[in-house]
Amino acid sequence: VQLQASGGGLVQAGGSLTLSCAASGNIFKINTMHWYRQAPGKQRELVAIITSGGNTNYADSVKGRFTASRDNAKKMVYLQMNSLKPEDTAVYYCNAAVVEIGAFSRERPYWGQGTLVTVSS
């Protein structure tokens with residue numbers, strides 16, 4: 001199983017970016033997916049959660065600005081980021097709880113490689 005995150009880049013404060021994360025491999029089902037971020041010198045923090053049914057939850061720092069969504073058929077998760085601030089600068093990681101084919105209901109966590117978002121002031 002692999003997760004491939006993309007969509008990062010350099011954007012001015014107030015701008016928008018959409019991150020994507022594609023899952024591939026021996027996948028039977030993807031349960032909850034997460035977006036995390038890690039800013040330089042800081043610990044990794046949870047940004048957004050999206051369940052298999054599409055229910056979402058967000059860190060207080062991004063509520064009202066970020067929107068997570070997913071396409072289960074395509075095994076994709078997205079993070080629409082609006083009104084970006086310099087403090088949103090970080091490497092963004094996707095994480096997925098994956099049930100592999102043949103694993104019955106047992107899920108395992110997988111991480112994408114991260115995509116860098118830089119917001120200039």
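Both backbone and side-chain heavy atoms feed into the values below; hydrogens, waters and symmetry mates do not.
Side-chain atoms of Tyr93 and Thr115, non-hydrogen and from C-beta on, never get closer than 4.5 Å to each other. Looking only at side-chain heavy atoms (C-beta outward), Arg106 and Val99 stay at 4.5 Å or farther from each other. In this structure, the side chains of Val119 and Gln12 stay at 4.5 Å or more apart for every pair of heavy atoms. Proximity of Ile27 to Val1: side-chain heavy atoms (C-beta onward) are separated by under 4.5 Å at one or more points. Here the side chains of Pro109 and Asn95 are in contact, with some heavy-atom distance below 4.5 Å. At a threshold of 4.5 Å between non-hydrogen side-chain atoms, the residues Met76 and Arg70 do not count as touching. Here the side chains of Arg44 and Val91 are not in contact, with every heavy-atom distance at 4.5 Å or above. Side-chain contact between Gln80 and Tyr78: absent, with no pair of heavy atoms (C-beta onward) separated by less than 4.5 Å.
Ser52 and Asn31 form no side-chain donor-acceptor contact under 3.5 Å, judged by distance and modelled atom types alone.
Ser61 and Arg37 get closest at one heavy-atom pair: OG-NH2, 3.4 Å. Considering every non-hydrogen atom in both Cys94 and Ala5, the closest pair reads SG-CB, 4.1 Å. Pairing each heavy atom of Val117 with each of Met81, the nearest pair is CG2-CE, 3.8 Å.
Cluster membership for Ile49 and Trp111, using ILVMFWY side-chain heavy atoms within less than 4.5 angstrom, is shared. Residues Leu46 and Leu79 do not share a hydrophobic cluster, defined by chaining ILVMFWY side chains whose heavy atoms lie under 4.5 Å apart. Val62 and Tyr36 are not part of a single hydrophobic cluster, where members link through side-chain heavy atoms under 4.5 Å apart. Val77 and Phe28 are assigned to two separate hydrophobic clusters, defined by single-linkage of ILVMFWY side chains at heavy-atom distances under 4.5 Å.
Around CD of Glu87, the count of heavy atoms belonging to other residues, nucleotides or ligands within 6.0 Å exceeds 12.
Here the options are Leu10, Val11, Leu17, the test is side-chain contact (heavy atoms from CB on, under 4.5 Å), and the partner is Thr118; only Leu10 passes.
Atoms CD1 and CG, from Ile50 and Asn57 in turn, are 11.0 Å apart once rounded to the nearest 0.5 Å.
Aromatic rings from Trp35 and Phe66 are positioned such that their centres are separated by 6.0 Å or more.
Remark: Arg65 pairs with Asp88 by the salt bridge (Lys or Arg N to Asp or Glu O under 4.0 Å) rule, at least two apart or across chains.
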